[in-house]
2 protein chains.
Amino acid sequence: MKDHSDLACTNVHSAIQDTLYVVNGKWKLLLLSILINEGTKRFGELARASGISPRILSKELHELELNQLVSRQVCPTKPVTVEYSATPYAGTLKEVIDAMIRWGQRHKQKLVRS
Amino acid sequence: MKDHSDLACTNVHSAIQDTLYVVNGKWKLLLLSILINEGTKRFGELARASGISPRILSKELHELELNQLVSRQVCPTKPVTVEYSATPYAGTLKEVIDAMIRWGQRHKQKLVRS
DNA sequence: GATACTAGTTACATTTAGGATAGTACATGA
DNA sequence: TCATGTACTATCCTAAATGTAACTAGTATC
């Protein structure tokens, strides 16, 4: 209600859309949350922790890597393993993720009460 | 990294999924942002402000109403108008929305710089 | 050689989201 | 009576998202 020029509104609207574009879909914020809160994980660990099928997981991780939110490191183990980590830049999304976690928890409690 | 029981993780994961379930899609957070920041708006105003087609707008507003995030009031004007407002409960999502606005703005600046 | 573990990939099917277009219903004013 | 403004709704369609199942490739182990 305060700063209400058309320009300011447009910026706010497109800022939301820009964020949604980067973290679209059912899985990206969940994956980032896991990597941020639990640290580096391998492909199989992420699949088990999230319940995402390999095909989707591979695609989501690739998209997150393109946006520099996740880094991928191949480890010379036998058999080879691949470690995925949240980048420092992903940390800037923590504010969004934490807000969503808090809201989801409160929302569930509200549903239980009513 | 701190509280790392399976239960805590499960709760965190499902909390994110619960939030995503309520505010899914391209438009719900944008609509809520408009209604929260700019106040009550009519159907046509929302359509113009957001660029959403009537069919989708109607569907999104209905879903938001079901989740008690938006209230709908018919005004006895001629022709009849309908006002949509963010409910007090929608205010609890402001934290999420503001975090996404800030992130989107910073992200765009990052893209411009690099 | 068969089996298993790693990290994917490929092909296919299904579901969902979203958009385009036109039409409905009601009232007003020309 | 016809156009206009309001708020939708119905129909159809396309594209995107997601899921399932099977399969590849490299290495190690039995």
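Chain naming here is simple, since letters A, B, ... match the order of the sequence lines and numbering starts at 1 in each. In this text the structure is predicted, and so the values were computed from the model without any measurement.
- Between A/Ser58 and C/dT9, a side-chain N or O to OP1/OP2 separation shorter than 4.0 Å is present.
- Among the candidates B/Val96, B/Asp18, B/Leu93, B/Ile97, the single residue satisfying the side chain to side chain contact (heavy atoms under 4.5 Å, CB included) test with B/Val23 is B/Leu93.
- At whole-Å resolution of the value, CG in A/Leu61 and P in C/dT9 are 10 Å apart.
- Annotation: the span from A/Ile52 atom CD1 to A/Leu31 atom CG amounts to 4.0 Å, rounded to 0.5 Å.
- For the OP1/OP2 pair of D/dC8 and a distance below 4.0 Å, the side-chain nitrogens and oxygens of B/Arg72 include at least one atom meeting the criterion.
- Rounded to an integer number of Å, the gap from CG of A/Leu31 to C1' of D/dT18 is 14 Å.
- Residue B/Tyr84 places at least one side-chain N or O under 4.0 Å from the OP1 or OP2 atom of D/dC8.
- Note on A/Lys28 versus A/Glu60: salt bridge recorded, some NZ/NE/NH1/NH2 to OD/OE distance being below 4.0 Å.
- The nearest whole Å value for the distance from the CD atom in B/Glu63 to the P atom in D/dC8 is 15 Å.
- Between A/Glu95 and B/Arg102 there is a salt bridge, since at least one side-chain N of the basic residue sits less than 4.0 Å from a carboxylate O of the acidic one.
- Heavy-atom neighbours of B/Gln68 CD from other residues, nucleotides or ligands within 6.0 Å: at or below the threshold of 12.
- In this structure, A/Lys41 places its NZ atom 14 Å from P of C/dT6, rounding to the nearest Å.
- Using a 4.5 Å cut-off between side-chain heavy atoms of Ile, Leu, Val, Met, Phe, Trp and Tyr, with links allowed through other members, A/Leu46 and A/Leu66 fall into different hydrophobic clusters.
- Look at NE2 on A/His62: it is 13 Å from C1' on C/dT9, rounded to the nearest Å.
- Residue A/Tyr21 is not grouped with residue A/Leu32 when hydrophobic side chains (ILVMFWY) are merged at heavy-atom distances under 4.5 angstrom, including chains of intermediate members.
- Between the SG atom of A/Cys9 and the NE2 atom of A/His13 there is a distance of 5.0 Å, given to the nearest 0.5 Å.
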Original post:
Given Watson-Crick or G-U pairs with both distances under 3.5 Å, what dot-bracket string fits DNA chain D, with | for other-strand pairs and [ ] for crossing?
Top reply: ||||||||||||||||||||||||||||||
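- Atom CD in B/Glu45 sits roughly 12 Å away from atom C1' in D/dT6 (whole-Å rounding).
- Centroid-to-centroid, the aromatic rings of B/Tyr89 and A/Trp103 come within less than 6.0 Å.
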**OP:** At under 4.0 Å between heavy atoms, which parts of nucleotides 18-30 of chain C does protein reach? Answer with one letter per nucleotide, 5' to 3': B base, S sugar-phosphate only, - none.
**Re:** BBB------SS--
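- The CD atom of B/Gln73 sits 13 Å away from the P atom of D/dA7 (whole-angstrom rounding).
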